[in-house]
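Keep in mind it's a predicted model, so treat the numbers as computed, not measured. Proteins get letters first, then strands, A, B, ... in listed order; numbering begins at 1 in each.
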Amino acid sequence: MSHFSEQIQIWYHNNRRDLPWRETKNPYHIWLSEVILQQTRVQQGIDYYNKFVHAFEDIKTLSNASEQEVLNLWQGLGYYSRGRNLHKAAKMVVHEFQNQFPRIFDDIRKLPGVGNYTAAAIASFAYNLPHAVVDGNVYRVLSRYFNADEFIDTPQGQKYYQALADELLDRQNPANHNQAIMELGALVCTPKIPNCQNCPLGDTCEAKSKKTWSELPRKKGKIKVRARQLNYFVSINKQNVLLQKRGEKDIWANMFEFPLVEGDEIDSQILKNVRFLKTLNHKLTHQNLTVNFYAVDNVDEISINHSAEWISLDALKDYPLPRVIERFLAEEYELISR
DNA sequence: AAGACGGGGTT
DNA sequence: AACCCAGTCTT
């Protein structure tokens, strides 16, 4: 075993957090946790993990749920294609893998929503197979330990770090090794101010001795944010609210919203028949949304779309809503959607 | 190779 | 306001 792997595993043994999915080898639970944790902080994911485990006892149960039920439980977590793919993958496990979660990397990797990271995580954590995980934590630890300036957000760079991770992997204890390197990245080798004093790798880390840690890892970067204006027309009474389902593309696919007109120009005929309520600013990674809400007092006077349906307020909790819609309903009408 | 896809915490 | 989080999929 390499010095690197030995040190991080000793450290992990003494410093690991107790997390719900670390108590199990159940591939369903491991898979669920890994999908939830994609681009998501551990703290944010814990409640969702517990909700899903409780709601869907096994993969068969999950596969028999509706997509809407799954999205409803996913509500508020973001990146909703994860929820839709989770559901699709459950059906695939049941129908194409004979309700037997796949046991080798290549088969696990075939499930929708499971990429190289997640397949390696499941293969190692559930079956102790020798596949090295490379996530955001690992990029940070490796780029600093080797003072590597390869970009982490290009295909070449990713191949480079995957090869590095593969070499370093303790093939006798891949599960423990993988957990250790990620935990080190999460707790010690942090993005801004890493805690190098308490790092088990000490001075064998090149970025520490060369004092380059603040520059690593390197990204090509450049995300551009576009501004977008959403105008929602709210029809609501004592019993019902008018909602429509969003499409397959775009943000919030297959989730529900009020009748929508997008853009900064609203038909004057429409404006005559509505009452401005409020504006909420909602930031996504690639979009800054200005969301205007208008009350429609006389629904017959206005026609915005034809696919909207009246939903009873009691059933509202069964409809997956974007955060900003949920927030509006809570603030304006004290309606809780779940 | 680049863009799309959420929501929230940290600095 | 910028950056990042147990990334993946589409174009």
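Gln43(A) comes within 4.0 angstrom of no nucleic acid atom, judged by non-hydrogen atoms across all strands. At the heavy-atom level, Ile181(A) lies nowhere under 4.0 Å from the strands shown. Residue Thr154(A) is classed as having no contact, given no heavy-atom separation below 4.0 Å to the nucleic acid. Among the protein residues, Gly78(A) comes within range of the nucleic acid bases, having at least one heavy atom under 4.0 Å from a base atom. If you check every strand for non-hydrogen atoms under 4.0 Å, Thr285(A) touches a base. Residue Val35(A) is classed as having no contact, given no heavy-atom separation below 4.0 Å to the nucleic acid. Within the nucleic acid shown, Asn116(A) comes within 4.0 Å of sugar-phosphate atoms alone, with no base atom in reach, counting heavy atoms only. Among the protein residues, Leu77(A) comes within range of the nucleic acid bases, having at least one heavy atom under 4.0 Å from a base atom.
Per the geometry, CG belonging to Asn85(A) stands 19 Å off P belonging to dA4(B), to the nearest Å. What separates OH of Tyr117(A) from C1' of dC9(C) is a distance of 18 Å, to the nearest Å. Across the protein-nucleic acid pair, Met255(A) atom CE and dG6(B) atom C1' stand 9 Å apart, rounded to whole Å. Straight-line distance from the NZ atom of Lys220(A) to the C1' atom of dG3(B): 13 Å, rounded to whole Å. Trp74(A) has its CH2 atom 13 Å from the P atom of dG7(C), to the nearest Å. Note: CZ (Arg82(A)) to P (dG8(B)) measures 12 Å, nearest angstrom. Remark: P of dG6(B) and CG of Leu230(A) are 13 Å apart, rounded to the nearest angstrom. Spacing between atom CD1 of Ile223(A) and atom P of dC4(C) amounts to 10 Å, rounded to whole angstrom units.
Relative ring orientation between Phe293(A) and Phe328(A) is described as parallel, the plane-to-plane angle staying below 30° on a 0-90° scale split at 30° and 60°. Between Phe105(A) and His131(A), the ring planes lie parallel to each other; the angle is under 30°, not in the 30° to 60° tilted range. Between Phe4(A) and His177(A), the ring planes are tilted. Angles from 30° to 60° get that label.
Residues Asp47(A) and Lys51(A) form no side-chain contact, since every pair of their non-hydrogen atoms from C-beta on lies 4.5 Å or further apart. Here the side chains of Glu257(A) and Leu243(A) are not in contact, with every heavy-atom distance at 4.5 Å or above. For the pair Trp31(A) and Phe101(A), the minimum side-chain heavy-atom distance is below 4.5 Å.
Positionally, the nearest nucleotide of DNA chain B for Pro155(A) lies more toward the 5' end than for the other of Gln44(A) and Pro155(A). Between Asp135(A) and Val114(A), the residue whose closest nucleotide on DNA chain C is further toward the 5' end is Asp135(A). Each of Leu111(A) and Asn137(A) was matched to the nucleotide of DNA chain C holding its nearest heavy atom; the match closer to the 5' end belongs to Asn137(A). Both Ile193(A) and Ile251(A) sit near DNA chain B, but only Ile251(A) has its closest nucleotide nearer the 5' end.
The separation of dG3(B) from dA6(C), taken at their C1' atoms, amounts to 23 Å, rounded to a whole angstrom. Atom name C1', nucleotides dT8(C) and dG9(B): the rounded distance is 22 Å, in whole Å. Rounded to whole Å, the separation between the C1' atoms of dG6(B) and dC5(C) comes to 12 Å.
For dC5(C), the OP1/OP2 oxygens have no side-chain nitrogen or oxygen of Tyr79(A) closer than 4.0 Å. Look at Lys159(A) and you won't find any side-chain N or O under 4.0 angstrom from OP1 or OP2 of dA1(B). In terms of phosphate contacts, Lys192(A) brings no side-chain nitrogen or oxygen within less than 4.0 Å of OP1 or OP2 of dC3(C). A close approach under 4.0 Å does occur between a side-chain nitrogen or oxygen of Thr118(A) and OP1 or OP2 of dT8(C). Distances shorter than 4.0 Å separate some side-chain N or O of Arg140(A) from OP1 or OP2 on dC5(C).
Under a cut-off of 6.0 angstrom, the local environment of CZ in Arg171(A) is sparse, with at most 12 non-hydrogen atoms contributed by other residues, nucleotides or ligands.
For His286(A), taking side-chain heavy atoms from C-beta onward, the closest of the listed nucleotides dC5(B), dG8(B), dA6(C) is dC5(B). For Lys283(A), counting side-chain heavy atoms from C-beta on, the closest listed nucleotide (dA2(B), dA6(C), dA1(C)) is dA1(C). Side chain of Trp252(A), nearest nucleotide from dC5(B), dC4(C), dG7(B): dG7(B). Nearest nucleotide to the Gln156(A) side chain, out of dA6(C), dA1(B), dC5(B): dA1(B). Distances from the side chain of Arg41(A) to the nucleotides dG8(B), dG6(B), dA4(B) place dG8(B) closest. Proximity note for Pro191(A) (side chain, C-beta onward) versus dG7(C), dC4(C), dA1(B): the nearest is dC4(C). Considering only side-chain atoms of Gln39(A), the nucleotide from dG7(C), dA2(B), dA6(C) that sits closest is dG7(C). Closest to the side chain of Glu34(A), out of dC3(C), dA6(C), dG8(B), is dA6(C).
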Review point. Step by step, would you call Gln9(A) with Gln7(A) a side-chain contact (heavy atoms from CB on, under 4.5 Å)?
Key: CA-CA 5 Å; Gln9(A) 289 192 64; Gln7(A) 292 307 306; over 6 Å; no
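One donor-acceptor pair, N or O on each side, does fall under 3.5 Å between the base of dG6(B) and the side chain of Thr40(A).
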